[in-house]
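Working notes, beginning with the structure itself.
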Amino acid sequence: MYRVMIVEDDDIIAGTVKKHLEQWQYDVHIAADLSNVMGEFTDYSPHIVLMDIKLPFYNGYHWCSEIRRVSKLPIMFLSSASDNMNIVMAMNMGADDFIAKPFDLEVLTVKIQALIRRSYDFSVGSSVISHKDAILNLTDATLNYKDEQIELTKNELKILQTLMENKEKIVSRDDLMAKIWESDDYIDENTLSVNVNRLRKKLKEIGLEDFIMTKKGLGYKLVQ
């Protein structure tokens, strides 16, 4: 089931779109805190975002730009500000489509289906994971923290992904090695330690010192 996130301050429009899309078997989330759209974005991990331009706190262009820093997922603007200048600006900020209000719900649905078809080729999966303002992009193997970004090796990505997917738990060294073995690359305990230490150095460079904690005799855990 594809996840659709609606960023809209008109409760009637948001509720109507949500109800309609749920009839098409989409999982739909309406952003509740429009001052913290990125927090809800990373928690929900949608496959597509429907974004209004005129919003309280920050406008849709701001949030589109923030999302583009960490994800390439499709973004569609829904707005009554449909003059050429706003349409051009939306596209320049990274939007994939623009539909003017008022709009036909069936046309909106067809456009959503087309964007999902082009973007995912019918494969479903979360592309970002977050923890304590750190956002891991599984698509391009990068980690974003505040205004900084680091690129990860294949092993570093696997290690960080496993820890972030189990952020409430201690992950054993055996489990981490098993995760990396899935890539058919052999890794022993010493190599794991080297990879973890190298990853820690990269994290420290962007302000995430002590992000990965060692639990002696047990494994590793993310700082809470």
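What you see is a predicted model; the values in this text were computed from it and never measured. Reckoned from all heavy atoms, side chains included, excluding hydrogens, waters and symmetry mates.
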Quiz item: Counting distance only, does the side-chain N/O of Arg69 pair as donor-acceptor with the main-chain N or O of Asn144 below 3.5 Å?
Solution: no
Quiz item: Got Arg118 and Pro74 here, is their nearest side-chain heavy-atom distance under 4.5 Å?
Solution: no
Quiz item: Nearest 0.5 Å, what's the CE-CG distance between Met5 and Asp43?
Solution: 9.0 Å
Quiz item: Are Val107 and Ile87 connected, step by step, through hydrophobic side chains (Ile, Leu, Val, Met, Phe, Trp, Tyr) whose heavy atoms are closer than 4.5 Å?
Solution: yes
Quiz item: Are Phe41 and Phe57 connected in the hydrophobic side-chain network, where two residues link if heavy atoms are under 4.5 Å apart?
Solution: yes
Exercise. May I ask you to test the Met38-Ile135 pair for a side-chain heavy-atom distance under 4.5 Å?
Key: yes
Self-check item: Thr16 side, atom OG1; Asp10 side, atom CG - distance, nearest 0.5 Å
Solution: 8.5 Å
Exercise. Look at the side chain of Lys221 and the backbone N and O of Met213, then say whether any donor-acceptor pair between them is shorter than 3.5 Å.
Key: no
Quiz item: Checking side-chain contact (heavy atoms from CB on, under 4.5 Å) for the pair Leu143/Ile206: CA distance, chi angles, key distance, verdict?
Solution: CA-CA 10 Å; Leu143 183 79; Ile206 60 171; 4.2 Å; yes
Quiz item: In Å and rounded to the nearest 0.5 Å, what is the OH to CZ distance from Tyr2 to Arg117?
Solution: 10.0 Å
Self-check item: salt_bridge(Lys201, Glu205) N-O dist < 4.0 Å
Solution: no
Practice problem: Give a yes or no answer on whether the side chain of His131 reaches the backbone of Met164 with a donor-acceptor pair at less than 3.5 Å. | Solution: no
Quiz item: CG of Asp33: more than 12 outside heavy atoms within 6.0 angstrom?
Solution: yes
Practice problem: Grab the two heavy atoms, one from Ser79 and one from Phe98, that are nearest each other, plus how far apart they are. | Solution: CB-CZ, 3.9 Å
Self-check item: Student check: side-chain heavy atoms of Pro46 and His29 closer than 4.5 Å
Solution: no
Practice problem: Return the minimal non-hydrogen interatomic distance between Leu208 and Ala134, and the atom names on each side. | Solution: CD1-CB, 4.0 Å
Quiz prompt | Note, Leu157 side chain near Leu136 side chain (heavy atom, < 4.5 Å) | solution = yes
Quiz item: Minimum heavy-atom separation for Met177 to Leu192, with atom names?
Solution: CG-CD2, 3.7 Å
Exercise. Any chance you could lay out the side-chain contact (heavy atoms from CB on, under 4.5 Å) test for Leu78 and Lys101, step after step, and finish with the verdict?
Key: CA-CA 6 Å; Leu78 314 177; Lys101 296 178 181 176; 4.3 Å; yes
Practice problem: Indicate yes or no: at least one non-hydrogen side-chain atom of Glu165 is less than 4.5 angstrom from one of Lys167. | Solution: no
Self-check item: Cluster overlap Phe211 with Val194, hydrophobic side-chain contacts below 4.5 Å
Solution: no
Quiz prompt | Pairwise distance CG(Leu203) to CG(Leu160) - rounded to 0.5 angstrom | solution = 6.0 Å
Quiz item: Would you say Val223 and Leu163 are hydrophobically clustered, going by side-chain heavy atoms of ILVMFWY under 4.5 Å?
Solution: yes
Self-check item: Aromatic plane relationship, His20 with Trp24 - under 30° parallel, 30 to 60° tilted, over 60° perpendicular
Solution: tilted
Quiz item: Are Val88 and Met76 connected, step by step, through hydrophobic side chains (Ile, Leu, Val, Met, Phe, Trp, Tyr) whose heavy atoms are closer than 4.5 Å?
Solution: no
Practice problem: Answer yes when Asp27 and Arg3 have at least one side-chain N-carboxylate O distance shorter than 4.0 Å, and no when they do not. | Solution: no
Quiz item: How close do Ile53 and Asn59 get, heavy atom to heavy atom, and via which atoms?
Solution: O-CB, 3.2 Å
Practice problem: Please name the pair of heavy atoms, one in Tyr26 and one in Ile116, separated by the smallest distance, quoted to 0.1 Å. | Solution: CE2-CD1, 3.6 Å
Quiz prompt | Non-hydrogen side-chain atoms of Ile75 and Ile48 separated by less than 4.5 Å | solution = no
Quiz item: Do Leu55 and Tyr61 pass the side-chain contact (heavy atoms from CB on, under 4.5 Å) test, and can you show the C-alpha distance, the side-chain angles, and the key distance before you say yes or no?
Solution: CA-CA 10 Å; Leu55 297 167; Tyr61 298 135; over 6 Å; no
Quiz item: Between atom CD1 of Ile212 and atom CD1 of Ile159, what is the distance when rounded to the nearest 0.5 Å?
Solution: 7.5 Å
Self-check item: Close side-chain approach of Leu138 and Gln161, heavy atoms under 4.5 Å
Solution: yes
Exercise. Decide yes or no on side-chain contact (heavy atoms from CB on, under 4.5 Å) for Leu50 and Leu21, but give the supporting numbers first.
Key: CA-CA 12 Å; Leu50 308 182; Leu21 293 180; 4.1 Å; yes
Quiz item: What's the shortest heavy-atom distance between Cys64 and Gly94, and which atoms?
Solution: SG-C, 4.0 Å
Quiz item: In terms of side-chain geometry, is the basic nitrogen of Arg200 or Asp210 positioned less than 4.0 Å from the acidic oxygen of its partner?
Solution: no
Practice problem: Give a yes or no answer on whether the side chain of Lys202 reaches the backbone of Glu151 with a donor-acceptor pair at less than 3.5 Å. | Solution: yes
Quiz item: Are any side-chain N or O atoms of Ser71 and backbone N or O atoms of Arg68, one a donor and one an acceptor, separated by less than 3.5 Å?
Solution: no
Quiz item: Between the side chain of Asn166 and the main-chain N/O of Thr162, is any donor-acceptor distance below 3.5 Å?
Solution: yes
Self-check item: 4.5 Å side-chain heavy-atom contact, Ile150 and Glu156
Solution: no
Exercise. Evaluate side-chain hydrogen bond (donor to acceptor under 3.5 Å, both in side chains) for Asn190 paired with Ser193, printing each intermediate quantity in order.
Key: CA-CA 5 Å; Asn190 183 59; Ser193 297; 5.4 Å; no
Exercise. Drop me the distance from Asn195's CG to Leu176's CG, to the nearest 0.5 angstrom.
Key: 10.0 Å
Exercise. Verify, without hydrogens or angle tests, whether Thr214 (side chain) and Lys216 (backbone) share a donor-acceptor contact under 3.5 angstrom.
Key: no
